[in-house]
Q: 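Shown below is the structure under consideration.
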Amino acid sequence: MDYQFNDVEKKWRKYWSDHKTFKVGIDNNKPKFYVLDMFPYPSGAGLHVGHPLGYIASDIYARYKRLKGYNVLHPMGFDAYGLPAEQYAIQTGQHPAVTTANNIARYREQLDQMGFTYDWDREVRTCDPDYYHWTQWTFIQLFKSWYNRKTQQAERIESLVTHLEAYGTEGLDAACSLEQTLPPGTWSRLTEAEQQDFLMNYRLAYLSDTMVNWCPELGTVLANDEVREGYSVRGGHPVERKLMKQWLLRITAYAERLLSGLDQVDWSDSLKEMQRNWIGKSEGASVVFPVHEQEALQLEVFTTRPDTIFGATFMVVAPEHELLPLLTTPGQQNTVEAYVSQAKNRSERERMAEVKKISGEFTGSYAINPLSGEKIPVWVADYVLAGYGTGAIMAVPAHDSRDYAFARHFGLTIREVVSGGDISVESYDAKEGTLVNSDFINGLGVKEAVRAVISRLEETGQGRGTVNYRLRDAIFSRQRYWGEPFPVYYKDGLPYTLDEGELPLLLPDIDSFQPGRSGEAPLTRAKNWTNKEGYPLETNTMPGFAGSSGYYLRYMDPDNKQEYFSKEAVQYWQDVDLYIGGAEHATGHLIYARFWNKFLFDSGHSVKDEPFRKLVNQGMIQGRSSIAYQVKGKNEFVSFGLKDQYDTIPVNVDIRLVNQAGELDIEAFRNWRPDYTDAGMILEDGKFLCGHETEKMSKSLHNVVNPDELIEKYGADTFRLYEMFLGPIEQSKPWDTNGIEGVFRFIKKLWKLFHDQQNQLSLSPDAPTPAELKVLHRTIRKVEEDIERLSLNTVVSTFMICVNELSDLKCNKSAILSDLIVLISPFAPHIAEELWEMTGHRPSVANAAFPVFNPGYVRESVFEYPVSFNGKMRFRIALPLDAGIRDVESAVLASPEAQKWIPPGGPRKVIVVPGKIVNVVV
RNA sequence: GCGGAUGUGGCGUAAUUGGUAGCCGCGCCAGACUUAGGAUCUGGUGUCGAAAGACGUAUGGGUUCGAGUCCCUUCAUCCGCACCA
């Protein structure tokens with residue numbers, strides 16, 4: 001009789017839940033530790049083996065920290081609003097609240113099987129009114145705030161009004177959509193509508209006509225991070241540009257802080273780099289070019305290379321540039337208009353696909369280089385983007401490859417101003433070299449020249465040094481049903497927020513979830529969708545990232561009815577110490593959540609500027625698909641080894657039909673699909689072998705491995721250990737169930753350490769031997785070090801080595817085994833609890849203390865020196881560790897093994913690294 | 001194109017700081033026990049070689065007494081960004 005994992009695991013899961021073992025609260029006698037998983041969106045497919053990877057790692061860490069004496073907050077919840085549930089509702093008419101609740105129940109059931117230490121009393125769901133109350137509340141605070149660049153933080157809108165009343169816009173340095181000026185003393189003369197309109201330019205949540213990513217198929221706009229290559233990330237539908245009135249969050253106000261904050265957090269370089277690219281800071285100059293013979297007109301450009309200004313031989317404006325009609329001379333009107341309409345009608349996708357195709361037209365106008373006075377032509381071309389910088393550039397073909405290609409194509413002047421390249425062949429884009437053909441900056445290096453040009457421009461008022469960000473404000477409206485309603489009503493066309501006392505504004509029921517194709521939101525169907533005074537409410541809802549931006553704060557105090565979270569709770573829990581989740585949230589959730597938190601920090605609610613101190617991205621678990629090869633045009637399949645003799649197409653086969661060796665169960669295969677009932681099978685050696693492929697784990701590829709089945713067969717402890725044993729958590733790797741048997745054997749071996757051949761508990765009260773203590777304490781040291789650096793795969797190996805060694809020593813001393821139970825409990829909590837109880841301890845082992853490493857037990861007096869000759873290891877020699885370098889050297893040279901390798905002339909040199917190695921140079 | 005990461009047996013991987021390459025596990029081979037084994041246990045298993053030994057961490061070079069680890073080159077794979085001025 002072996003270890004009965006099924007009964008034992010059920011018993012302890014019930015114990016934990018009955019005793020609320022993992023319920024936590026504020027405890028000022030213990031240091032806090034906050035371990036967070038990115039909460040899942042509960043999809044209809046349930047969890048596959050890839051999802052729990054991060055959850056298991058974080059749970060191990062949370063359990064470990066508990067053993068180390070920390071008060072650990074380890075909550076879980078659900079990102080419950082979102083598109084898939086709504087798309088499903090549109091197709092089936094089922095209310096998304098119903099499908100979402102079902103999916104959550106299924107997720108919960110799966111999660112509950114894995115022995116996690118979540119405090120479920122703290123669960124949050126973003127679609128729960130008690131939760132989205134505070135999402136709406138934060139929106140109101142954002143609406144009522146502006147960003148003061150002077151103090152580098154958000155402030156209440158009242159302080160802006162006070163400033164405007166007293167000084168107008170004089171001395172104001174605020175994040176805004178459009179620079180506007182208001183002379184002192186004019187504010188109070190503005191009408192209510194004019195004032196509101198003016199303030200909208202500064203609010204951190206604001207309404208604006210914006211070019212948006214409109215997805216007709218989904219009937220909604222999408223944020224930049226929800227669009228990839230012109231298609232929606234969710235669903236893969238085409239996306240087009242459209243001008244719409246939308247709510248936006250002024251995240252750009254925080255661009256600099258979002259960037260500099262990255263230096264303070266312990267995240268992977270690749271993730272930080274992704275965020276840096278997304279923010280896209282570039283430093284340079286804004287330069288004003290007057291237009292020749294049009295006094296009133298001037299073109300402002302942004303350049304990162306002001307040093308190359310003497311090499312600007314033409315200018316280019318985007319087709320959408322607002323001055324283009326004024327720049328176009330009558331003679332050029334027809335060609336320019338034709339070009340612009342063609343450029344505008346091209347979809348985003350066509351535009352992206354034709355990046356390499358050079359096109360443009362001359363406007364007929366000329367601009368004047370403000371430093372050289374040179375007259376240069378102004379062109380229009382779609383390689384200049386309206387949305388970045390000022391939508392116009394000074395083109396320096398000698399030192400910008402795009403300008404170079406354009407100049408070559410249209411035969412424009414190319415003038416070298418930085419030496420170092422060969423501009424007859426290609427542009428020289430590098431930021432190094434000496435300035436030439438450049439008047440007062442000739443002979444300077446690039447960096448000096450940049451500074452010199454900027455200061456000259458600032459002296460003459462023709463430009464200034466500026467910083468540009470690629471980051472855009474976040475579009476916050478969705479024309480969807482299944483999301484948070486905006487706490488906003490409209491009076492005389494102007495938006496006002498509801499009183500905080502009226503929150504939460506509940507999502508109303510509607511008769512159909514269908515969105516309008518031209519952008520009417522489903523909430524326009526809601527009956528009596530007005531505030532208490534009868535003014536119409538906003539019909540858009542908030543996007544998916546709204547609810548996930550502050551959930552980690554709500555976990556600190558999830559039942560609070562009066563506020564988002566109490567001062568006491570946030571003072572205690574502070575921030576997330578360890579955050580584990582997928583890298584796909586690098587530019588979405590993680591930027592928005594940092595922004596959300598920084599705003600709450602400025603307004604005195606959260607207490608840390610950065611919410612996630614350490615962040616780890618777990619790698620993706622890929623599927624291992626089984627492939628059968630179908631003979632083209634026939635209902636006939638050919639075994640893997642023979643497939644090259646036929647013309648075949650690969651067909652994904654359900655991985656359950658294939659055994660470890662890749663052999664297909666033909667009977668099952670024929671029953672799998674009606675089409676294959678009569679399929680011909682060409683065998684090799686009497687078998688049908690399948691090929692395999694590593695690809696995404698998905699239902700459609702029939703390669704999904706379900707954790708429930710594995711837990712049923714091997715138990716949750718084995719499953720947890722095996723997921724960790726696969727390799728480093730950050731690494732992506734294909735799932736292969738084959739190795740799980742090894743971990744299963746390990747669990748059984750562990751059980752056997754405590755039991756005799758009749759499966760009776762058999763422990764010895766005797767004092768441990770030095771050999772046993774050495775094994776135990778080596779394990780303690782390694783386990784502790786490796787958990788600290790989240791190297792969990794090596795910890796599993798360490799346990800295996802430890803149990804192998806203790807088995808060899810036939811060790812059944814309780815003193816040793818009790819410590820081993822605690823060590824292993826974060827990884828295999830169920831068997832640990834059972835053994836803990838059996839060895840006479842009071843449950844739960846989760847409340848035990850982590851064993852303390854004693855270096856005295858692992859200290860050695862003798863070391864087996866590896867002796868190498870010219871760096872190649874030849875033999876070992878055991879010597880006392882306190883032997884001096886000279887003693888070691890002579891002992892090695894005198895040893896019989898060494899004679900074989902020492903040439904007649906003797907060694908040239910001997911290197912002894914005490915306690916490490918000896919290298920003889922011959 | 002730019003940026004980041006990764007490359008080690010048949011497979012997943014290991015190797016604190018430059019110091020014994022291949023730990024642990026899968027698979028495979030042999031053996032023991034067994035009516036049986038897809039259970040369990042024992043031994044073996046980088047490549048070539050009978051052995052001695054030689055070779056070996058994607059490639060080529062370098063630094064070093066010594067390189068999987070540091071530097072340079074090339075290649076491959078994955079991820080992110082992509083006309084960002």
Side-chain angles (χ1 to χ4, degrees), chain A residues 2 228-229 268-278 280-282 284 301-305 308 316 318 351-352 354-358 381-385 387-396 399-403 405-406 429 468-471 583-584 586-587 617 619-620 622 659-661 721-722 725-728 730-743 745-746 748-749 752 782 785-786 789 791 793-801 804 864-876 900 907-913 915-922:
Chain A
D2 270 339
R228 190 169 299 160
E229 287 171 20
S268 72
D269 287 340
S270 66
L271 192 61
K272 286 187 186 183
E273 206 48 38
M274 266 190 242
Q275 292 223 337
R276 288 195 188 104
N277 290 340
W278 193 257
K281 179 180 183 173
S282 46
V301 303
F302 173 73
T303 176
T304 54
R305 296 293 302 277
T308 62
V316 186
R351 190 164 162 163
M352 280 186 224
E354 292 170 10
V355 161
K356 293 281 173 285
K357 216 164 128 187
I358 295 163
D382 68 359
Y383 83 92
V384 172
L385 304 177
Y388 184 79
T390 61
I393 61 157
M394 63 174 209
V396 184
H399 305 289
D400 181 290
S401 52
R402 295 152 303 176
D403 298 342
F406 193 82
D429 296 18
N468 230 296
Y469 298 93
R470 201 187 73 109
L471 185 71
E584 65 272 22
T587 49
N617 288 128
M620 254 217 323
Q622 291 134 314
N659 73 6
Q660 280 195 24
L721 283 164
Y722 186 57
F725 189 60
L726 283 176
E730 308 91 327
Q731 224 164 77
S732 288
K733 55 230 149 191
W735 178 267
D736 183 1
T737 303
N738 287 339
I740 200 169
E741 295 279 352
V743 176
R745 263 176 227 140
F746 160 75
K748 288 191 275 193
K749 232 168 156 176
K752 277 184 196 154
K782 177 86 174 144
E785 278 173 6
D786 285 2
R789 58 187 178 105
S791 170
N793 53 327
T794 54
V795 178
V796 181
S797 298
T798 303
F799 288 139
M800 291 176 171
I801 293 167
N804 287 347
E864 281 239 313
Y865 276 92
V867 180
S868 46
F869 288 76
N870 292 342
K872 205 85 189 136
M873 209 279 286
R874 296 303 177 185
F875 63 91
R876 276 171 235 274
K900 191 169 152 195
R908 276 208 283 156
K909 196 175 173 189
V910 180
I911 288 136
V912 177
V913 184
K916 276 259 161 89
I917 199 167
V918 178
N919 190 23
V920 184
V921 188
V922 294

Q: By the 4.0 Å heavy-atom rule, please label A:N919 as base, sugar-phosphate, or nothing.
A: base

Q: Between A:Y469 and A:W278, does the ring centroid distance fall short of 6.0 Å?
A: no

Q: Can you list the residues that meet the side-chain contact (heavy atoms from CB on, under 4.5 Å) rule with A:S797, with sequence neighbours excluded?
A: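 side-chain contact (heavy atoms from CB on, under 4.5 Å) check on A:S797 returns A:F725.
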
Q: If you measure from the C1' atom in B:C29 to the same atom in B:U63, how many Å do you get, rounded?
A: 44 Å

Q: For A:E741 and B:C24, what is the distance between atoms CD and P respectively, to the nearest whole Å?
A: 19 Å

Q: Across all strands shown, which nucleotide pairs with B:G22 by Watson-Crick or G-U wobble geometry, both distances under 3.5 Å?
A: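 Because no pair has both required distances under 3.5 Å, B:G22 counts as unpaired.
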
Q: If you compare every side-chain N and O of A:K900 against the phosphate oxygens of B:G53 (OP1, OP2), does one of them come in below 4.0 Å?
A: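 Yes, because at least one side-chain N or O of A:K900 sits under 4.0 Å from OP1 or OP2 of B:G53.
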
Q: With a non-hydrogen cut-off below 4.0 angstrom, is A:E730 in contact with a base, only sugar-phosphate, or nothing?
A: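 The answer is nothing, as A:E730 stays clear of every strand by at least 4.0 Å.
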
Q: Distance criterion of 3.5 Å, no angle test: do you see the side chain of A:N738 paired donor-to-acceptor with the base of B:C26?
A: no

Q: Atom NZ of A:K272 to atom P of B:G4: distance rounded to whole Å?
A: 14 Å

Q: Taking only side-chain N and O atoms of A:N793, does any of them lie within less than 4.0 angstrom of OP1 or OP2 on B:G25?
A: no

Q: Return the pairing partner of B:C75 with a 3.5 Å limit on both distances, Watson-Crick or G-U wobble; otherwise return none.
A: B:G7

Q: Look at atom CZ of A:R908 and say whether more than 12 heavy atoms of other residues, nucleotides or ligands are closer to it than 6.0 Å.
A: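 Counting other residues, nucleotides and ligands, CZ of A:R908 stays at 12 neighbours or fewer.
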
Q: What is the pairing partner of B:U16, taking Watson-Crick or G-U wobble pairs with both distances under 3.5 Å in any strand?
A: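 Partner of B:U16: none found under 3.5 Å.
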
Q: Considering only the P atoms, how many Å lie between B:G62 and B:G68, rounded to the nearest integer?
A: 15 Å

Q: How is A:K748 classified with respect to the nucleic acid when contacts are heavy atoms under 4.0 Å: base, sugar-phosphate, or nothing?
A: sugar-phosphate

Q: Name the nucleic acid region contacted by A:L726, choosing base, sugar-phosphate or nothing; use a 4.0 angstrom heavy-atom cut-off, strictly under.
A: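 Counting heavy atoms under 4.0 Å across all strands, the contact made by A:L726 is with sugar-phosphate only.
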
Q: How would you label the contact of A:P728 with the nucleic acid (heavy atoms, under 4.0 Å): base, sugar-phosphate, or nothing?
A: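 Since only primed, P, OP1 and OP2 atoms lie under 4.0 Å of A:P728, the category is sugar-phosphate.
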
Q: Does a side-chain N or O from A:R276 land closer than 4.0 Å to OP1 or OP2 of B:G80, or not?
A: no

Q: Parallel, tilted or perpendicular: which describes the rings of A:F302 and A:Y388, with under 30° parallel and over 60° perpendicular?
A: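 Perpendicular: the ring planes of A:F302 and A:Y388 meet at over 60°.
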
Q: Searching all strands shown, indicate the nucleotide that pairs with B:C33 (Watson-Crick or G-U wobble; both distances under 3.5 Å).
A: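 B:C33 is paired with nothing.
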
Q: Identify whether any heavy atom of A:V913 sits under 4.0 Å from a base atom; if not, whether one sits that close to sugar-phosphate; answer base, sugar-phosphate or nothing.
A: base

Q: Side chains of A:N919 and A:S868: donor-acceptor distance under 3.5 Å anywhere?
A: yes

Q: Just to be sure I understand the rule, does A:N468 reach a base, reach only the sugar-phosphate, or reach nothing, if contact means heavy atoms closer than 4.0 Å?
A: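 It contacts nothing in the nucleic acid.
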
Q: Would you classify A:S868 as touching base, sugar-phosphate or nothing, given that sugar-phosphate means primed atoms plus P, OP1 and OP2, and contacts are heavy atoms under 4.0 Å?
A: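 The residue A:S868 makes no contact with any strand.
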
Q: Using a distance-only criterion (donor-acceptor N/O pair, under 3.5 Å, no hydrogens), is the base of B:U20 paired with the side chain of A:R876?
A: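 Pair found.
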
Q: Which nucleotide, in any strand shown, forms a Watson-Crick or G-U wobble pair with B:U59, with both distances under 3.5 Å?
A: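 Check on B:U59: unpaired, no WC or wobble geometry under 3.5 Å.
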
Q: Below 4.0 angstrom from OP1 or OP2 of B:C83, is there any side-chain N or O of A:S401?
A: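 A:S401 to B:C83 OP1/OP2: no side-chain N or O under 4.0 Å.
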
Q: Indicate syn or anti for B:G4, taking the glycosidic torsion and treating anything within 90° of 0 as syn.
A: anti

Q: For a quick test of reading the model: is some side-chain N or O of A:R874 closer than 4.0 Å to OP1 or OP2 of B:A54?
A: yes

Q: In whole angstrom, what separates A:Y388's OH from B:C83's P?
A: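 For the pair A:Y388 OH and B:C83 P, the rounded distance is 12 Å.
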
Q: Can you tell me the pairing partner of B:G1 across any strand shown, Watson-Crick or G-U wobble, with both distances under 3.5 angstrom?
A: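 Across all strands, the one nucleotide that pairs with B:G1 is B:C81.
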
Q: With both distances under 3.5 Å as the test, what is the Watson-Crick or G-U wobble partner of B:A50?
A: none

Q: So which nucleotide does B:A67 pair with, by the Watson-Crick or G-U wobble rule with both distances under 3.5 Å?
A: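 Answer to the pairing question: none, since B:A67 forms no Watson-Crick or G-U pair.
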
Q: If we ignore hydrogens and angles and just use 3.5 Å, is the side chain of A:K916 paired with the main-chain N or O of A:P866 as donor and acceptor?
A: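 Judged by distance alone, no pair lies under 3.5 Å.
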
Q: Taking the inter-plane angle between the rings of A:Y722 and A:W735 on a 0 to 90° scale, is it parallel (under 30°), tilted (30 to 60°) or perpendicular (over 60°)?
A: perpendicular

Q: In whole Å, what separates the P atom of B:G3 from that of B:U74?
A: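 Those two atoms are separated by 13 Å.
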
Q: For B:U8 versus B:G22, give the span between their C1' atoms, rounded off to a whole number of Å.
A: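 Those two atoms are separated by 8 Å.
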
Q: For the pair made of CD1 in A:I393 and P in B:C83, what is the distance, rounded to whole Å?
A: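 The answer, rounded to whole Å, is 14 Å.
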
Q: In whole angstrom, give me the gap between the P atoms of B:U47 and B:U57.
A: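 About 15 Å, rounded to a whole number of Å.
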
